[in-house]
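Provided herewith is a single structure, encoded as structure tokens, for subsequent inquiry.
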There are 2 protein chains.
Amino acid sequence: MESKQLGHVQLLIMQVLWHRDRATAREITDAINGTEPIAHSTVQTMLRVLEDKMAVAHEPQGRTFVFFPLVTESEFRQSATQDFVERIFGGSASGLVAHLLKSDSVSSGEIAAIRRLIEQQAADSSGRNKNRRNES
Amino acid sequence: MESKQLGHVQLLIMQVLWHRDRATAREITDAINGTEPIAHSTVQTMLRVLEDKMAVAHEPQGRTFVFFPLVTESEFRQSATQDFVERIFGGSASGLVAHLLKSDSVSSGEIAAIRRLIEQQAADSSGRNKNRRNES
DNA sequence: TGATTAGATTTAGTCAGTTAAACGACAGGT
DNA sequence: ACCTGTCGTTTAACTGACTAAATCTAATCA
């Protein structure tokens, strides 16, 4: 279960696909070129690599290919986060959060948002034996 | 500010150094070999690379070198976390925490620990209005 | 039809990380 | 003085992530 990791360009491609659900190589290239320069052939090469990794697949549409993700962003974040916590914080998720809270590079707004999340979570778990109600 | 990122072996080496403060190449090799096989010369090569990156430095001691870290674990975690949040969660630290809280792979014990951290933080910041207070 | 265009594929080269053998220097023991 | 083990250095090879030109292929246009 190794090498699930994506390189920079690979991640950019996946992000475009997650955002649009499906896209041609050309559309992906154009989308990326909106923020940073990349050659079309590079994108195509990386799409092939991503296909080998089973992160995306393609389907002919007219005379071109349409690519779509095989992995959801949430799934990817899941394994990327697990990897990261394992590597950098020895598996301690709370160690990571402690670091975030101490960190000057996390804005006070973000910290407030984090606190809200925790309170939310606390509220949820107090009434968790029943099936949970969602109020938007 | 270029590639501050460390490879797998590089990280193992740094972890040994953070743990012991100073160590010879041989000691590092032995420490790593406690958990996974690595050739001594590989460690030496990586130490050279880490030295180029200014992550470690060495000092002659007797007729061998003693290596020591130039970067603290905390500093490293700082930049690694910042990078990670930027790449995977689009810069949103709260997005990361939200993910951790939802994640099945984080134990309830860890989640409780995280909640405790937040409460702690809240207590801290109530007595901290000297530096700056947030708008909440 | 022949030229242009646009997509897909092949090929090739860089760079970082890793791996480790080979090599040279030198202290300590015999 | 010589052998040997340990040390650091040099060199080489291999992989994965990129990068992109060159090339092939099929459709479209003048």
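All chains are named by letter (A, B, ...) in the order of the sequence lines, taking the proteins before the strands, and each is independently numbered beginning at 1.
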Pick base, sugar-phosphate or nothing for B/R48, based on heavy-atom distances below 4.0 Å to the nucleic acid.
->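 Base contact - B/R48 has a heavy atom under 4.0 Å of at least one base atom.
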Which listed nucleotide (C/dT19, D/dG8, D/dT19) is nearest to the side chain of A/V9?
->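 Between C/dT19, D/dG8, D/dT19, the one nearest the side chain of A/V9 would be D/dT19.
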Got a donor-acceptor contact below 3.5 angstrom from the A/E110 side chain to the B/A93 backbone?
->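 Between the backbone of B/A93 and the side chain of A/E110 there is a qualifying donor-acceptor contact (under 3.5 Å).
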Find the distance B/D52:CG to C/dT18:C1' and express it as a whole number of Å.
->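 Computing the B/D52:CG to C/dT18:C1' distance gives 15 Å.
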Without swapping roles, check the side chain of B/W18 against the backbone of B/I13 for a donor-acceptor pair under 3.5 Å.
->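 Side chain of B/W18 to backbone of B/I13: no pair is present.
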C/dT18 OP1/OP2 closer than 4.0 Å to side-chain N/O of B/T42 =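 No, B/T42 has no side-chain N/O under 4.0 Å of OP1/OP2 on C/dT18.
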Between D/dG16 atom C1' and A/Q5 atom CD, what is the distance in whole Å?
->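 Atom CD in A/Q5 sits about 12 Å away from atom C1' in D/dG16.
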By nearest nucleotide on DNA chain D, pick out whichever of A/G7 and A/R63 is the more 5' one.
->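 Upstream on the strand: A/G7.
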Respond yes when some side-chain nitrogen or oxygen of B/Q10 is under 4.0 Å from OP1 or OP2 of C/dT18, and no when none is.
->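 For B/Q10, the contact criterion (side-chain N or O under 4.0 Å from OP1 or OP2 of C/dT18) is met.
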Whole angstrom value for the distance that separates P of D/dC7 from CD1 of B/I28 =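 Between P of D/dC7 and CD1 of B/I28: 12 Å.
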Any side-chain heavy atom of A/E27 within less than 4.5 Å of one from A/R22?
->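 A/E27 vs A/R22: side chains apart.
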If only side-chain N and O atoms of A/T64 are considered, is one of them under 4.0 Å from the OP1 or OP2 phosphate oxygen of C/dA8?
->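 Yes, within the criterion.
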Starting at atom NE2 of A/H40, determine the distance to atom C1' of C/dT5, rounded to an integer number of angstrom.
->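 From A/H40 NE2 to C/dT5 C1': 13 Å.
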Spacing between B/M46 atom CE and D/dG8 atom C1', to the nearest angstrom =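 It is 15 Å, rounded to the nearest whole Å.
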Is it true that A/H99 and A/F89 have ring centroids separated by less than 6.0 Å?
->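 Yes; A/F89 has its ring centre under 6.0 Å from that of A/H99.
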When you check the phosphate oxygens OP1 and OP2 of D/dT6, does a side-chain N or O of B/R26 lie under 4.0 Å from one of them?
->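 Answer no for this pair, as no side-chain N or O of B/R26 is under 4.0 Å from OP1 or OP2.
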Which whole-number value in Å describes the distance from B/L47 CG to C/dG17 C1'?
->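 Atom-to-atom, B/L47 to C/dG17, this comes out as 14 Å.
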Can we say A/R115 and B/E119 salt-bridge, meaning some charged N sits less than 4.0 Å from an Asp/Glu carboxylate O?
->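 Not counted as a salt bridge, because no side-chain N and carboxylate O are separated by less than 4.0 Å.
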Indicate, with a heavy-atom threshold strictly under 4.0 Å, whether B/H8 touches base, sugar-phosphate, or nothing.
->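 Sugar-phosphate, no base atom in range.
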Which part of the nucleic acid, if any, lies within contact of A/T45, taking any heavy atom under 4.0 Å across all strands shown: a base, the sugar-phosphate backbone alone, or nothing?
->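 Answer is base: heavy atoms of A/T45 come under 4.0 Å of a base.
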To the nearest Å, how far apart are B/Q61 CD and D/dC7 P?
->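 Spelled out: CD on B/Q61 to P on D/dC7 is 12 Å.
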Name the closest nucleotide to the B/Q44 side chain, picking from D/dC18, C/dT19, D/dG8.
->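 The answer is D/dG8.
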Of the listed nucleotides C/dT19, D/dT19, C/dA20, the one nearest the side chain of B/A39 |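 Among the listed nucleotides, the one closest to the side chain of B/A39 is C/dA20.
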